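For reference, the structure discussed in these notes is given below.
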Amino acid sequence: MADVKVYTIGCRLNQAEGEILGAILGEQFASSEKIFVINTCAVTKTAVRKSLKIVRRINRVKSPEDKIVITGCLTEASEMERIKNFDLIITQKEKAKLITDFQLTPKNFIGKRARPLVKVADGCVNSCTFCLARVIRGPLVSFSPEKIIKEIEIISKAGCKEVVLTALNLGAYGLDLGISLTKLLRTIPDFDIRLRLSSIEPDMITRELLELFTTKRLCRHLHIPIQSGDDDVLQAMGRKYRTSDIKRIFDMIIKYLPDANIGTDIIVGFPNETEEAFLRTVKLLNELPISYLHIFPYSPRKGTFAYQLYDPISLQVKRERITILKEVSIKKRIEYRKRFLGKKLEAIVESKKLALSDNYLKITLTGNDYRVGDLIEVVLTN
């Protein structure tokens, strides 16, 4: 098996794909070869810059006989022409086919993560005006429950205690198969492994799904990208819900999961986001039971509908709005964490000094007698 080093930029879905592709290429290349795989992202201009930076860095440090493989969403974006030095391109569509055909086995399971990622679907059913990933990845394609269950079983037998189910639009899983994410979760046998959901759209959260969280099997953690707290901005983004829906959904979540850690994504500086619209977003976020924010400046991407709206809001204004929302996020994080001081939590050991609780709290461990991947009980002291 070749020595394959994978560098992934972007979301958990891309991370999951990078790990699978590393296993595939490890078997395809000769054992004497060293392969650098740069699994790129094109969702934002920042992601593009990071991707190009890694390519330049690898070209500086690699030996002449080493090979560079470029893959990911950037291969199908206009900026791909800026990459000159590489040995092989695997386009996003080609990567998706390789991964769809890939069969996880105990032999090719990489097992580098304490919490392995399991890709359950690709593509999307939405038409968000700002999203290039949706354009590149295409319509929803869900993997069969049998394939997913087999992968989780193999991961569990390898000793892992948690898997993260991931997709571009996780909540839409199974719509093309005539099933649902809830049905998939009910179908997965108890392999003595807890399940964590990656990002899930607000309009895909149902009572039936939330009822499954009442057992310890599903981690008390939801990441819900609402993107804005203003109805006009949401409409311009092509989102399928409004602020009244967001409030109703979050009220429903807290009813079933009062201790849930709920995170969200917010885009600032969308072309029609006035100062008043931004302040409505701030107000909504302060009111919602959110524990942390991921904040992104709007990045116009060629190939999306919003690209023709240009980018009228200055970078300085975007930075000012990001600073305000970072303060909201800090306040929310501290408030949520304080609720668990002195309480016992179940956590996965991710390194000798760090663990992650089921409700997504990163915990610094005291002592040295922990093994990566172990499921342990901890008490938060400060």
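Just so it is clear, the model here is predicted, and its values are computed rather than measured.
Here the CZ-CD1 distance, from Arg339 to Ile334, works out to 14.5 Å after rounding to the nearest 0.5 Å. In this structure, CD1 on Ile226 lies 7.5 Å from OG1 on Thr281, to the nearest 0.5 angstrom. A distance of 8.0 Å separates NZ in Lys247 from CG in Leu288, rounded to the nearest 0.5 Å. Distance check, rounded to the nearest 0.5 Å: NZ of Lys343 to OG1 of Thr381 gives 15.0 Å. Between atom CG of residue Leu25 and atom CG of residue Leu88 there is a gap of 7.5 Å, rounded to the nearest 0.5 Å. Atom OG in Ser180 sits 11.0 Å away from atom CE in Met204 (nearest 0.5 Å).
Heavy atoms only, all atoms of each residue included: Asp259 and Phe340 are closest at O-CZ, 3.8 Å. The two residues Phe143 and Lys119 come nearest to each other via the heavy atoms CD1-O, 3.3 Å. Nearest heavy-atom pair, Ile193 versus Lys161, reported as atom, atom and distance to 0.1 Å: CG1-C, 3.3 Å. Scanning all heavy atoms of the two residues, the minimum distance from Tyr298 to Gly269 falls at CB-O, 3.4 Å.
Ring geometry for Phe130 against Phe270 counts as perpendicular: the plane angle is over 60°, on a 0 to 90° scale with 30° as the lower cut.
Judged by distance alone, the side chains of Thr8 and Asn14 never bring a donor and an acceptor atom under 3.5 Å apart. Between the side chains of Asn261 and Ser291, at least one donor N or O sits under 3.5 Å from an acceptor N or O. Donor-acceptor pairing under 3.5 Å is lacking for the side chains of Ser228 and Asp230. In summary, the side chains of Thr71 and Asn39 do not present any donor paired with an acceptor at a separation below 3.5 Å, with no hydrogens or angles considered. Defined by atom type and a distance below 3.5 Å, a donor-acceptor pair is missing between the side-chain atoms of Asn85 and Lys62.
Stacking of Lys5 on the aromatic ring of Tyr7 is recorded, both the 6.0 Å distance cut-off and the 45° axial limit being met.
The only option from Val317, Ile266, Val268 that meets the side chain to side chain contact (heavy atoms under 4.5 Å, CB included) definition with Ile322 turns out to be Val268.
Taking the six-membered ring for Trp and the full ring otherwise, the centers of His223 and Tyr292 sit less than 6.0 Å from each other.
Salt bridge present: Glu153 and Lys157 bring a charged side-chain N and a carboxylate O closer than 4.0 Å. Electrostatic pairing of Glu76 and Arg137 does not count as a salt bridge here, judged by no charged N lying under 4.0 Å from a carboxylate O. At a threshold of 4.0 Å, the pair Lys147-Glu151 counts as salt-bridged, since one of the basic side-chain nitrogens sits closer than that to a carboxylate oxygen.
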